[in-house]
Amino acid sequence: MTLHAAKGLEFPAVFLAGLEEGRLPLVRLEEETDTEEERRLFFVGMTRAKQSLTLVCGGKESPFLEELPREAERISIKSPSSVQAKQMSFLC
C-alpha cells in the first residue's frame with residue numbers, strides 16, 4: 001500500500017521499509033524534491049500504527065529517521081551474514 005492510500009486508515013502493525021537516503025525523501029534527477037510533502041507522508045505512514053511500528057532501512061538512513069526521538073527503540077543488524085536464514089515450506 002502506498003503512503004497516499006493509507007490516509008485515514010489504521011492498522012495494528014505497520015512496517016515502513018526502504019527508508020534510505022534518496023528514497024525518502026525521494027530524489028529524482030529530473031524533478032525537484034518536495035521535502036515537506038515527503039516528510040508529511042512519512043508522518044502519515046507512522047501514525048497509521050495502532051500498536052507497533054517497524055521502520056526498516058537497508059542502507060544509509062533517511063534524514064527523516066534522524067528527526068525521530070533518540071528514546072525510540074533501535075535494533076541494528078550490521079551484516080546479512082549475521083542473520084540465520086531458514087527456508088520455509090508451505091507443503092503439508
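The model shown is predicted, which means the values in this text are computed figures rather than measured ones.
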Revision key, fill the gap. Sorted by chain and number, sequence neighbours left out, salt bridge (charged side-chain N to carboxylate O under 4.0 Å, His left out) with Glu67 holds for Arg39
**Study point:** Test side chain to side chain contact (heavy atoms under 4.5 Å, CB included) applied to Ser52 - qualifying residues, sequence neighbours left out
**Key:** Ala13
By the rule that ILVMFWY residues connect when side-chain heavy atoms come within less than 4.5 angstrom, directly or transitively, which residues belong alongside [X]?
X     : value
Val56 : none
Leu19 : Met1, Leu3, Leu9, Phe11, Val14, Leu16, Leu24, Leu41, Phe42, Phe43, Met46, Leu53, Leu55, Phe64, Leu65, Leu68
Leu26 : none

Check your understanding: Among pairs that include at least one residue of residues 8-28, which meet salt bridge (Lys or Arg N to Asp or Glu O under 4.0 Å), considering only residues two or more places apart or in two chains?
Key ->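 Checked against salt bridge (Lys or Arg N to Asp or Glu O under 4.0 Å) - neighbours excluded - the pairs reaching residues 8-28 are Glu20-Arg23, Glu21-Lys60, Arg28-Glu31.
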Check your understanding: Tell me, which pairs form a salt bridge (Lys or Arg N to Asp or Glu O under 4.0 Å) where one or both residues lie in residues 40-53, sequence neighbours left out?
Key ->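 Residue pairs passing salt bridge (Lys or Arg N to Asp or Glu O under 4.0 Å), neighbours aside: Glu37-Arg40.
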Check your understanding: Should the heavy atoms of other residues, nucleotides or ligands under 6.0 Å from CD of Glu73 be counted, would the total exceed 12?
Key -> no
